[in-house]
Trainee: 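The structure that follows is given in the form of structure tokens.
Note: hydrogens, waters and symmetry copies are ignored here, and every other heavy atom, side chains too, is used. Residues take their numbers from the sequence shown, with the count starting at 1. Computed from a prediction, not measured in an experiment: that's the story for all the values here.
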Amino acid sequence: MKITNILVNQMEHPLGFDLSNLRITFELTEMENIIGNVYKNISVGKVESEQPIYFEPDELYENNAFKINMELEPRTKYWVKIGVRNDNEVTSSNTWFETGKMDEKFYGKWITNKKDVENTLFKKDFELANKQIKSARLYSTTLGVYEVDLNGVKVGNEFLAPGFTNYDKIVQLQTYDVTKLVTKNSNNELVFSVGDGWYKGNLGFDGGQTNIYGDKKSILAELHVTYTDNSEQVISTDSSWLTTEGKIIKSSIYYGEDIDDTKDILDWSSVVILNKSTSIVRDRLSLPIMKKEVLKVKEIIHTPKNEIVLDFGQNHAGWPVFINRLARGKKITLQMGEILQDGNFYNKNLRLARAAFTYISDGEEKLIRPHFTYFGFRYVKISGVTDVNKDDFESWVLYSDLKQTGFIKTNNDKVNRLFKNVIWGQKSNFMDVPTDCPQRDERLGWTGDAEIFAPTASFNMNTYEFYKKYAKDMLVEQEDNKGMLPIIVPSLKQKSTGMAIWSDAATIIPWVTYRFFDDLGVLKQNYSQMKNWVDWITQNTKTKYLWIGQMQLGDWLSLDNGANPQGKTNEDYIASIYYFVSASIVSKAARLLHYDMESDYYENLARNIKTNILNEFVTEKGRIAIDTQTALVLALHFGLVHDYQKSQVVADLVKKVKDDNKHLQTGFVGTPFLLSVLSNNNQHHLAMDIFMQEDCPSWLYEVNMGATTIWERWNSVLPDGKMNPEGMNSLNHYSFGAVMMWMYQCVVGLNQFDAGFKEIYFAPKFDCRLKDIYSEFDSTYGKIKVEYHLETNEKHLIRMNLVIPFGVKMKVKLPRSAKYLINGKEKIGIVKLEYGKYDISYIPTKSYLNYYDLNSKLVDILDNNDLVKRIDQIDEKILQKVKRMGNTRSIFINKKIDELLDFEEISQEEKNQLVDILHKTIFIKLNLF
């Protein structure tokens, strides 16, 4: 028995975070030999004492969490000890957390430079007492973004602090352990370097705005040094500090950064005390933005235009860095781009974002990097030098410090690349807030993108603290808008109205976060504004119990309405459905928080909305008034039709998809649910047909076109490799990556789950095109592993391995199974499993293998060399006509063999032989690159 992975508010050893609604979780492993009941206990105390100040005695283990109801003190480090015992074993494990300033009064004052200099430096020289130092903590933040050095060493390992917030309402305070950096009885130097960042740099639409939250960069800091005799010395920002201008001559999020290392740091002058309250300063919620990975240069490209371009092989967000070997005064310019055009560097899709980094050398060999910006890119164009060594360059991948929790691998290389693209899209856009894209003049917290991707994101990574911070951002904006949530958060003071899906992030993101982590903290934090959002709709709709007459973005970027990006699905229909969804969520949240009267009210509201949607948009027999894939999908996914109407809606959706040649036509609203709805309504094969398409529109089309992240549009890059001339072509937009949720739930099989994955309904859907699946998911209880293989021999045996962590209960339903073996024992029906490893095998009552026939696509036949050889053995004339087409195969990629073959040239006997060979050949599309 072993205790592992103790997390405090889903963080490991949090230092200086907002720890309200304190909750501690843990995992139990090596539980194979337990006897009898399992009990858990916890104690918490201050590090200077072994005596606990909080204790929960043994209680029967029913979950892996402790809700800590204790008063925390500011700037205090606490130890945590968790104990677990059963009848034959006792074990324990420890962790710690440390509070920040909390509500403690600040000694420091906001200080600034009397001028608005581009890169503002602040300096304090100080001397410490000649006593042994026990600990030193720096509490700091800025109006702007900053880095700080203590005695010439960078403090901390994060960048772009204090992050992206509405600076009028919240400025986040960082806490750093600097014990090892201070020196007793000696001169010490503390230097802050500050850039504009999100606070006052250019940001927003149509060229952006500057000075959104203020026109002067400023810092607030306190260094608390505690000696072993428990005395304390505090160095805080005051009039004794000095300020000047640094070597960064220009920086901005969109612009990039320019550094002149030949510039001398001179003219230090006294700071100005800024008359600004410290009441908006709060202990951080933001996870730090960090260097999470390093990419090496894959290739140096010399383009037809004689450009020197570095290819890092992967679209991502971060910085190019290099070893400076330039002579003093020499200038190098790095420009960022996502794609090449005609083999040349291209960055026009970045619109007005300059997205470049320039450096003027001081002649010293050293590592050079940006500081107060970031880029989205795969390619870097180098100007100013001609002799480039690729080993001198690398790229630091930056994103918020989230742990990856989900992983899927299949037998299909292209599908595997797609999943990598989804993960990389998330990495690129989880930059303190969930942004839409990391490269162009936007990079904003679009609430709709964040909302539709939230379940997928939470399978992929531990998003609890990230979304709790973003939920706080949403709450702050709603407080200023009487419950209405703007469509971008932070809003940059841009006026907008509430819109379905986008503004429904107010309810959906907190709810998804609770569901994945079983932590009520985010619901407690946001409940009032979740409720206020639904009330805002009620007050602003033109029709009671429906959401009618408001400006909406509709099924954004769908393909069913020509050039209109809002799509064909009726906007009032979509809005009314999400009115129902949000009201339902508020009702459930209220019940969990014991606001029973409010829960009853919103439950009744949701019931009335559903009734009115049915009356307005659905016939008695189940015909949906709007003839789009998205309209049908939403009705089924959100359970808006009666049981007796459901079969009609499913039939209409199937027909609609087939009429669209088994291709999706959905946008932001319909795409996340299309495949899941089909799979969960006995149409998994059709869902797979859509998923495995390789022409546009499809996910694998992007892969075939060389994508390494998810595109904004289905056709952002045309088949000839040209960028879509319609514009708005981000090549790193995670939204349509929401398909990965379907993969986790329907293909892997984590179909339904209660909060925190304590109980799971495991029901994988099989299809021979994805015959080998391996997946891991780190739930709050531990790692769930699923592996299965559909054998292609005569028995068609299905083999599966399951690993279930302790504390998780799983109901297993295997499709097409009369009986099956679990660890050698025969079982039937739904089986309940708990902690352990399980080997499962069975022969399905109906095979999952597909075979070729005369309706098979010619391109699929030609991709199977063994099949082609066997057909040629009948008569080479059968495929001769097709083979002569050579490179023109793309024009008939979706044509069936029956449509193109000239059967007049072969005998009936040969045709029968062809049919026989096709029917005996298993169709497993390899999809190899």
Side-chain angles (χ1 to χ4, degrees), residues 412 414-415 418-419 421-422 425 448-449 452-453 455-456 501 553-570 574 624 626-638 649-681 683-705 707 710-719 724 726 733-743 745-747 765 767 769-770 857 893-894 925 927:
N412 187 297
K414 292 186 180 180
V415 172
L418 171 66
F419 295 151
N421 293 0
V422 175
D449 304 52
I452 65 174
F453 191 68
T456 297
I501 292 89
L553 291 174
D555 190 20
W556 188 249
L557 293 182
S558 66
L559 299 167
D560 55 13
N561 200 21
N564 184 348
Q566 292 168 287
K568 189 178 178 182
T569 307
N570 182 279
I574 294 174
I624 307 296
I626 302 102
D627 183 30
T628 66
Q629 290 182 12
T630 290
L632 297 162
V633 164
L634 293 182
L636 291 167
H637 179 75
F638 291 116
V649 183
V650 172
D652 289 344
L653 176 60
V654 170
K655 182 179 185 303
K656 185 68 181 171
V657 169
K658 290 182 176 179
D659 288 346
D660 291 324
N661 199 24
K662 299 183 180 179
H663 284 71
L664 55 82
Q665 295 293 309
T666 50
F668 271 35
V669 181
T671 297
F673 311 124
L674 172 61
L675 301 189
S676 296
V677 163
L678 289 169
S679 293
N680 288 325
N681 285 280
Q683 297 293 329
H684 183 63
H685 189 81
L686 182 56
M688 283 291 299
D689 286 343
I690 297 171
F691 180 68
M692 297 301 294
Q693 297 290 356
E694 297 197 27
D695 57 337
C696 189
S698 71
W699 290 276
L700 296 187
Y701 166 76
E702 298 181 16
V703 172
N704 287 338
M705 295 302 296
I710 300 297
W711 297 345
E712 181 175 16
R713 292 178 179 268
W714 294 112
N715 57 353
S716 284
V717 182
L718 303 178
N724 190 325
E726 293 181 9
H733 234 80
Y734 57 62
S735 307
F736 289 139
V739 68
M740 204 164 175
M741 175 184 66
W742 164 78
M743 191 72 187
Q745 292 191 281
C746 294
V747 178
K765 316 289 185 184
D767 186 286
R769 285 166 286 188
L770 294 180
K857 296 178 183 179
I893 192 169
N894 286 312
K925 195 162 188 180
N927 286 314

Trainee: Using the rule given for side-chain contact (heavy atoms from CB on, under 4.5 Å), can you reason through Val654 versus Leu686, listing the C-alpha separation, both sets of side-chain angles and the distance that settles it, and then say yes or no?
Mentor: CA-CA 8 Å; Val654 170; Leu686 182 56; 3.9 Å; yes

Trainee: Tell me the salt bridge (Lys or Arg N to Asp or Glu O under 4.0 Å) pairs involving residues 668-680, sequence neighbours left out?
Mentor: none

Trainee: Can any side-chain N or O of Asn715 pair as donor or acceptor with the backbone N or O of Cys696 at less than 3.5 Å?
Mentor: no

Trainee: Rounded to the nearest 0.5 Å, how far apart are OG1 of Thr671 and CG of Asp555?
Mentor: 6.5 Å

Trainee: Closest approach of Ala687 and Leu678, non-hydrogen atoms and distance?
Mentor: CB-CB, 3.9 Å

Trainee: Would you find a donor on one side and an acceptor on the other, under 3.5 Å apart, between the side chain of Gln665 and the backbone of Pro697?
Mentor: no

Trainee: Counting distance only, does the side-chain N/O of Asp560 pair as donor-acceptor with the main-chain N or O of Gly567 below 3.5 Å?
Mentor: no

Trainee: Which one of Trp742, Trp714, Phe419, Phe736 satisfies the ring pair (Phe, Tyr, Trp, His ring centres under 6.0 Å) criterion with Trp699?
Mentor: Trp714

Trainee: Evaluate the side-chain proximity of Asn561 to Gln566: yes if any heavy-atom separation is below 4.5 Å, no if none is.
Mentor: no

Trainee: Cut-off 3.5 Å, side chains only: do Glu694 and Asn704 have a donor facing an acceptor?
Mentor: yes

Trainee: Quick one: does any side-chain atom of Asn681 pair with a main-chain N or O of Gln683 as donor and acceptor, under 3.5 Å?
Mentor: no

Trainee: Within the structure provided, determine whether Leu418 and Phe691 are in side-chain contact (heavy-atom separation under 4.5 Å).
Mentor: yes

Trainee: Do you know which two heavy atoms are closest between Val677 and Leu653, and how far apart they sit?
Mentor: CG1-CD2, 3.8 Å

Trainee: Under 3.5 Å, is there a donor-acceptor pair between the side chain of Ser558 and the main chain of Gly667?
Mentor: no

Trainee: Nearest 0.5 Å, what's the CZ-CG distance between Phe673 and Leu636?
Mentor: 12.5 Å

Trainee: Drop me the distance from Gln745's CD to Thr456's OG1, to the nearest 0.5 angstrom.
Mentor: 8.5 Å

Trainee: Testing the basics here: between His684 and Ser679, what is the closest heavy-atom pair and its distance to 0.1 Å?
Mentor: ND1-OG, 2.7 Å

Trainee: Does some side-chain heavy atom of Lys765 sit less than 4.5 Å from a side-chain heavy atom of Asn680?
Mentor: yes

Trainee: Are side-chain heavy atoms of Asp652 and Ile624 found at a separation under 4.5 Å?
Mentor: no

Trainee: Given side-chain contact (heavy atoms from CB on, under 4.5 Å), test Leu770 with Met743 step by step and report yes or no.
Mentor: CA-CA 11 Å; Leu770 294 180; Met743 191 72 187; 3.8 Å; yes

Trainee: For Trp556 and Asp449, run side-chain contact (heavy atoms from CB on, under 4.5 Å): C-alpha distance rounded to whole Å, both residues' side-chain angles, the deciding distance at 0.1 Å, then the answer.
Mentor: CA-CA 10 Å; Trp556 188 249; Asp449 304 52; over 6 Å; no

Trainee: How far does CG of Asp660 sit from CG of Leu559, to the nearest 0.5 angstrom?
Mentor: 10.0 Å

Trainee: Do Leu700 and Val703 make a side-chain contact, defined as non-hydrogen atoms from C-beta onward lying under 4.5 Å apart?
Mentor: yes

Trainee: Does the pair Lys656/Asp627 count as a salt bridge with the N-to-O cut at 4.0 Å?
Mentor: yes

Trainee: Any side-chain to backbone donor/acceptor pair from Ser716 onto Arg713? Under 3.5 Å, distance only.
Mentor: yes

Trainee: Taking atom CD of Gln629 and atom CG of Leu674, what is their separation to the nearest 0.5 Å?
Mentor: 5.5 Å

Trainee: Sequence neighbours excluded, which residues qualify as salt bridge (charged side-chain N to carboxylate O under 4.0 Å, His left out) partners of Lys662?
Mentor: Asp689

Trainee: Looking just at side-chain N and O atoms, do Glu702 and Asn421 make a donor-acceptor pair shorter than 3.5 Å?
Mentor: no

Trainee: Which atoms form the tightest heavy-atom contact between Asn412 and Val415, and what is the distance?
Mentor: OD1-N, 2.9 Å

Trainee: Does Trp711 form a side-chain contact (heavy atoms from CB on, under 4.5 Å) with Met705? I'd like the steps, not just the answer.
Mentor: CA-CA 11 Å; Trp711 297 345; Met705 295 302 296; 3.7 Å; yes

Trainee: If I take atom OG from residue Ser698 and atom CG from residue Leu664, how far apart are they, to the nearest 0.5 angstrom?
Mentor: 7.5 Å

Trainee: Apply the test salt bridge (Lys or Arg N to Asp or Glu O under 4.0 Å) to residues Lys655 and Asp659: give CA-CA distance (whole Å), side-chain angles for both, the deciding distance (0.1 Å), then the verdict.
Mentor: CA-CA 6 Å; Lys655 182 179 185 303; Asp659 288 346; 2.8 Å; yes

Trainee: Over all heavy atoms of both residues, which pair between Ile452 and Ser735 is shortest? Give the atoms and the distance, please.
Mentor: CD1-CB, 3.8 Å

Trainee: Quick one, His663 and Asp695 - any side-chain contact, counting heavy atoms below 4.5 Å?
Mentor: yes

Trainee: Using side-chain heavy atoms (C-beta onward) and a distance below 4.5 Å, is Val669 in contact with Thr569?
Mentor: no

Trainee: Got Phe668 and Ile501 here, is their nearest side-chain heavy-atom distance under 4.5 Å?
Mentor: no

